[in-house]
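For reference, the structure discussed in these notes is given below.
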Amino acid sequence: MEDKKDIRWEKRTRYCGTLRMDDVGKEVVLNGWVQTRRDHGGVIFLDLRDITGLVQVVCNPEVSPTAHAAARQVRSEYVLSCRGMVRARPADSVNPRLATGEVEVVAETVTVINSSLTPPFEIEPGSGVDETLRLRYRYLDLRRPDMQEALVLRSRVTQEVRDFLISRKFLEIETPMLTKSTPEGARDFVVPSRLQPGKFYALPQSPQLFKQLLMVAGFDRYFQIARCFRDEDLRADRQPEFTQIDLEMSFVEPEDVMSLVDEMFAHLFRSVLGVELATPFPRLTWKEAMERYGTDRPDPRWGMEIRDFSALFRETGFKVFRSALEAGGRVRGFKVAGMRSPARRELDGLVDEARRLGAGGLVWVVREGEGLKSPAAKFFSARETEQVVATAGLEEGEVLLLTAGGGELNPVLAGLRSYCAARYAPPSGERFSFTWVTEFPLFDWDEEEKRYKSNHHPFTAPSPGCLENLEEDPLGATSDSYDLVLNGVELGGGSIRIHDPGLQKRIFSILGLSDEEAAEKFGFLLEAFRYGPPPHGGIAFGLDRLVMIMAGRDSIREVIAFPKTQSGSDPLTGAPDIIYPQQLRELRLRPI
RNA sequence: GGAGCCGUGGUGUAGUCAGGUUAACACGCCGGCCUGUCAAGCCGGAGAUCGCGGGUUCAAAUCCCGUCGGUUCCGCCA
C-alpha cells in the first residue's frame with residue numbers, strides 16, 4: 001500500500017527557526033512545511049518552516065543522492081522530515097534577513113510525510129489576498145507569519161493576564177453559555193430548548209449577572225477570559241462573538257478597580273511588548289472629556305484640545321456667532337496641530353468635513369502677521385482679533401477652527417480632531433495612550449421609547465453625591481463608572497454595582513420597570529441581593545481590541561483565528577446554515 | 001434599514017471614465033536547462049465565457065437596471 005510510507009518519519013530534535021551558529025556541527029532532525037524550493041539542477045535549497053520560523057536545508061547529490069532525489073519531488077507546502085548536519089554558511093552566502101541566516105542544514109535524509117495541493121494563494125507575509133478567500137482557507141492563511149505572530153501575541157496576552165490576576169488573588173471561574181435572555185442592551189443570540197419546547201436559552205452578552213452572584217457567594221475576586229455574544233451588526237472592531245477579560249471584586253471603590261487595572265496593563269505591556277507605561281493612567285471625568293475632546297473616548301496624543309471662545313465674542317458683530325450665543329450656544333474650537341499657512345483647498349476640505357459631520361458650518365481662522373485671514377475676519381473687531389490670537393496662542397500661519405452651537409457640536413469637533421490628526425498632526429512619539437473616563441451619566445433619554453435608559457447597565461451605582469436628586473433630575477445624575485480608552489478606542493468599562501436593594505428598586509422605577517417586570521427579568525439577582533451582597537464592582541475589557549492595538553492591526557479579524565464576515569458567516573465552515581427538518585421537528589420549531 | 005468602495009486566469013493588479021481585432025502585466029503553476037540560491041536565473045507552456053441575471057447596441061469586462069458576495073461607515077451595539 002502506498003499509505004505505508006506515511007508511518008515512517010523521524011520526529012524532530014529541533015525547531016527550524018531556532019538554529020544558530022552555536023549549533024554548527026550538530027546533527028538535527030526537523031519537521032516542517034516547505035516554504036520554497038530553489039532547484040539549481042545540482043544542489044536544491046529548501047526553506048523549511050515551522051512555528052518558530054525558517055531554516056535553509058541544502059540537498060546536495062554528492063552528499064546524499066537519496067535526499068536530493070526526494071527534494072526534486074517536493075513542492076510548496078509539502079510536509080517533510082529532514083535529517084542533517086548544521087553547518088555554517090559560506091561567508092558570501094549568509095542571509096542577514098533570516099534569523100537562521102548564518103547556518104544551514106545539509107540534508108542526509110528528506111522524507112515526504114505529506115504532499116500538498118498547490119495552495120490557492122501564496123503563504124507569505126502581507127495579506128494582499130481577498131479576505132473571503134483567506135477565511136475560506138483560514139488554516140493556510142494562519143500559516144503566514146503575521147497571522148502566527150498575532151495569535152502567539154494573543155496567547156501571551158491571555159497568559160500574562162491570568163498570571164497577573166491570579167497573583168492578585170483572583171479566581172478564574174467559568175459561567176454558563178446557555179443562560180437566560182435579558183432585556184436592555186444588545187439583541188441576544190438564542191438557542192432553542194429541546195427538553196422544554198417553545199423555550200429558549202440566550203447566549204450571554206457578558207457574564208455580568210453571574211459575576212455579581214459570585215460576589216454574593218463570597219469569592220471576593222473573580223476573573224474570566226469570557227466569550228460573549230451580541231447579535232448586532234458587525235464592524236472592523238465588532239464580531240458577533242468576542243472575548244472579554246472580565247473581572248469583579250468585592251469591598252471596593254472605583255479607585256481600587258482602576259489602580260489594579262493600571263497595574264495589570266503596565267505588567268502586560270512590560271512582559272509582552274517590553275513597553276513601560278506611565279501609571280497611574282490619566283483620568284478625565286466624562287464631562288471633561290466631552291468638553292475638551294468632544295467624545296467619551298478621547299485620544300489626547302494629538303493635542304488639539306477644544307477651547308471655549310464664547311466670552312470673547314459676547315458683543316461680536318459676526319452674526320453667526322452672536323445669534324448662536326444669544327440662543328444659549330457657545331463658540332468652541334481648536335487649533336489644528338501641524339497645519340501652517342494651508343492652501344484654500346485644504347481649508348475647504350475642513351469645511352466640507354464639518355458639514356459631513358452635521359455642522360451648519362465651520363469658521364477657519366489663519367494668523368497672518370498682526371491680522372487674521374478668515375471668511376469672518378471682516379466682522380471681527382480689533383479687540384476680538386487680538387483676543388482670538390492670544391487665547392488660542394496662534395502663531396504665524398497657524399489655523400484655528402471655530403464652531404457655534406450647543407452640545408450637538410461635540411461629535412463635529414471630535415470628528416474634526418480625528419480628521420486633522422489623520423492628515424496634519426505630526427506622528428505622536430507615544431505608541432500607547434491610556435485614558436480613564438469616569439463618572440458617566442447614569443441615564444440617557446431614549447427619544448424613541450420615551451423613557452430613561454441606563455447608560456451602562458441597570459446595576460451601576462450612582463455617584464455618591466447624586467443619591468438625593470435621582471428622581472428629580474435623572475439626567476443630571478452620574479455614576480460610579482469608568483471606561484478605559486486606548487488610542488481613542490474604547491477598551492473596556494465597568495462600574496461599582498448597586499448592592500442596596502432599596503436603591504436598586506429606585507433605579508428600576510426610574511427606568512420604568514415595575515416590580516413585577518424587574519422580578520420577572522432579574523428576579524434571581526434581586527433575590528440573591530436579599531442574602532447579604534457585599535459592595536462590589538468590576539470591569540471588562542475587549543480582548544480582541546486590545547490585541548489588535550498591541551499587534552498594530554486595523555481589524556479584530558486579524559487577531560481572531562476563525563472570525564466571521566460582515567454578514568456573520570464563516571466561509572470555512574459555511575455557518576450559518578439551514579438545519580434538517582428532523583432537527584427542527586425535534587425542537588418543535590417551524591419557519592414562519 | 002441606509003450610504004460609499006471592490007469583484008477580470010490559481011493570486012495580485014491594468015484595462016472600465018471615452019464600447020470596437022487575439023483581454024495585458026507580475027507572481028504562482030507545469031516542462032526543460034542550470035551546483036550557492038534565498039524575490040534564484042534562463043528558455044518554453046498551460047491557464048479567464050471579466051461575480052451572476054437582464055437590458056441598450058451592429059458590437060459590452062467597459063453603458064444602464066437588478067442581484068449576490070466582500071469591505072468601510074451611519075443606524076444598531078458598551
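Both backbone and side-chain heavy atoms feed into the values below; hydrogens, waters and symmetry mates do not. Per chain, numbering begins at 1; letters A, B, ... match sequence-line order.
- Rounded to an integer number of Å, the gap from A/Glu122 CD to B/G28 C1' is 5 Å.
- The residue A/Gln56 sits close to a base: some heavy atom pair falls under 4.0 Å.
- Note on A/Arg87: a base of the nucleic acid sits closer than 4.0 angstrom, heavy atoms only.
- Residue A/Asp39 is classed as a base contact, given a heavy-atom separation below 4.0 Å to a base.
- Heavy atoms of A/Arg230 sit under 4.0 angstrom from primed sugar atoms or phosphate atoms, though from no base atom.
- A/Pro90 comes within contact range of at least one nucleobase, with a heavy-atom separation under 4.0 Å.
- Using a 4.0 Å heavy-atom distance criterion, A/Arg557 is classed as a sugar-phosphate-only contact.
- Comparing B/C27, B/A78, B/G70 against the side chain of A/His456 picks out B/A78 as the nearest.
- Rounding to whole angstrom units, CG of residue A/Asp130 and C1' of B/G10 are separated by 13 Å.
- Heavy atoms from other residues, nucleotides or ligands lying under 6.0 Å from CZ of A/Arg38 number more than 12.
- Between the base of B/G36 and the side chain of A/Glu104 there is a donor-acceptor pair shorter than 3.5 Å.
- Heavy atoms of A/Arg75 sit under 4.0 angstrom from primed sugar atoms or phosphate atoms, though from no base atom.
- Straight-line distance from the CG atom of A/Leu135 to the P atom of B/G69: 15 Å, rounded to whole Å.
- A/Thr36 comes within contact range of no nucleotide atom at all, as no heavy-atom separation falls under 4.0 Å.
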>> Protein within reach of the bases, or only the backbone? For nucleotides 43-52 of chain B, mark each nucleotide 5' to 3' as B, S or -, using heavy atoms under 4.0 Å.
In response: ----------
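- Taking only side-chain nitrogens and oxygens, A/Gln205 never comes nearer than 4.0 Å to OP1 or OP2 of B/C77.
- In this structure, A/Asn455 reaches the bases: a heavy-atom distance under 4.0 Å links it to at least one base atom across the strands shown.
- Of the listed nucleotides (B/C38, B/G12, B/C77), B/C38 has the atom at the smallest distance from the side chain of A/Asp47.
- Computed from coordinates, the A/Leu486 CG to B/A78 P distance equals 21 Å when rounded to whole Å.
- In terms of the side chain to side chain donor-acceptor pair (under 3.5 Å) criterion, residue partners of A/Glu517 (sequence neighbours excluded) are, by chain and number, A/Ser514.
- Using the Watson-Crick or G-U wobble rule with both distances under 3.5 Å, B/G47 pairs with nothing in any strand shown.
- The interatomic distance linking A/Arg238 (CZ) with B/U72 (P) rounds to 11 Å, in whole Å.
- The nucleotide whose nearest atom lies closest to any side-chain atom of A/Arg38 is, among B/C73, B/U11, B/U37, B/U37.
- B/C63 and B/G55 make up a base pair, with Watson-Crick or G-U wobble contacts both under 3.5 Å.
- Remark: A/Ser567 is not in phosphate contact with B/G69, judged by side-chain N or O atoms under 4.0 Å from OP1 or OP2.
- Checked against a 6.0 Å centroid threshold, the rings of A/Phe508 and A/Phe522 count as neighbours.
- Side-chain atoms of A/Lys211 come within 3.5 Å of backbone atoms of A/Leu247 as a donor-acceptor pair (strictly under, hydrogens ignored).
- For A/Arg356 against B/C74, a side-chain-to-base donor-acceptor contact under 3.5 Å is absent.
- Looking at heavy-atom distances under 4.0 Å, A/Ile44 makes no contact with the nucleic acid at all.
- Cation-pi geometry between A/Arg238 and A/Phe242 is not satisfied (NZ or CZ under 6.0 Å from the ring centre, within 45° of the ring normal).
- Across the strands present, B/C17 finds no partner; the criterion is a Watson-Crick or G-U wobble pair with both atom distances under 3.5 angstrom.
- Place A/Ser93 and A/Pro120 on RNA chain B by their nearest nucleotides, and A/Pro120 ends up nearer the 5' end.
- Position along RNA chain B of the nearest nucleotide to A/Asn60 versus A/Glu232 favours A/Asn60 as the more 5'-ward residue.
- Rounded to an integer number of Å, the gap from A/Glu353 CD to B/C74 P is 12 Å.
- A/His457 comes within contact range of no nucleotide atom at all, as no heavy-atom separation falls under 4.0 Å.
- Between A/Arg154 and A/Asp544 a salt bridge is recorded (basic side-chain N to carboxylate O distance below 4.0 Å).
- Nucleotide B/C76 holds its P atom 15 Å from the CD atom of A/Glu490, rounded to whole Å.
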>> Between A/Arg283 and A/Glu439, does the salt bridge (charged side-chain N to carboxylate O under 4.0 Å, His left out) criterion hold? Intermediate values first, please.
In response: CA-CA 10 Å; A/Arg283 297 178 191 180; A/Glu439 295 174 45; over 6 Å; no
>> Applying side chain to side chain donor-acceptor pair (under 3.5 Å) to A/Asp299 and A/Tyr293, what does each step give before you reach the verdict?
In response: CA-CA 8 Å; A/Asp299 189 338; A/Tyr293 302 103; over 6 Å; no
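- Contact between the side-chain N/O atoms of A/Arg235 and the OP1/OP2 oxygens of B/C74 is found at a separation under 4.0 Å.
- Stacking annotation: A/Phe45 is stacked on the base of B/U37 (ring centroids less than 5.5 angstrom apart, interplanar angle below 30 degrees).
- Taking atom CZ on A/Arg134 and atom C1' on B/G10, their separation rounds to 17 Å, with Å as the unit.
- Among the heavy atoms of the strands lying under 4.0 Å from A/Ser569 are primed sugar atoms or P, OP1, OP2 only; no base atom is included.
- In this structure, B/G69 forms a base pair with B/C6, meeting either the Watson-Crick or the G-U wobble geometry with both donor-acceptor distances under 3.5 Å.
- Using a 4.0 Å cut-off between charged nitrogen and carboxylate oxygen, A/Asp146 and A/Arg144 count as a salt-bridge pair.
- Looking at heavy-atom distances under 4.0 Å, A/Asp483 makes no contact with the nucleic acid at all.
- Taking the six-membered ring for Trp and the full ring otherwise, A/Tyr452 and A/Trp445 have centroids separated by under 6.0 Å.
- A donor-acceptor pair is defined here as one N or O able to donate and one able to accept, closer than 3.5 Å; no such pair exists between the side chain of A/Glu108 and the backbone of A/Ser64.
- Across all strands, A/Thr132 comes closer than 4.0 Å only to sugar-phosphate atoms, never to a base (heavy-atom distances).
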>> For nucleotides 3-8 of chain B, give me one character per nucleotide, 5' to 3': B if any protein heavy atom sits under 4.0 Å from the base, S if the only such contacts are to the sugar-phosphate, - if neither.
In response: ------
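- No more than 12 heavy-atom neighbours from other residues, nucleotides or ligands sit within 6.0 angstrom of OH on A/Tyr201.
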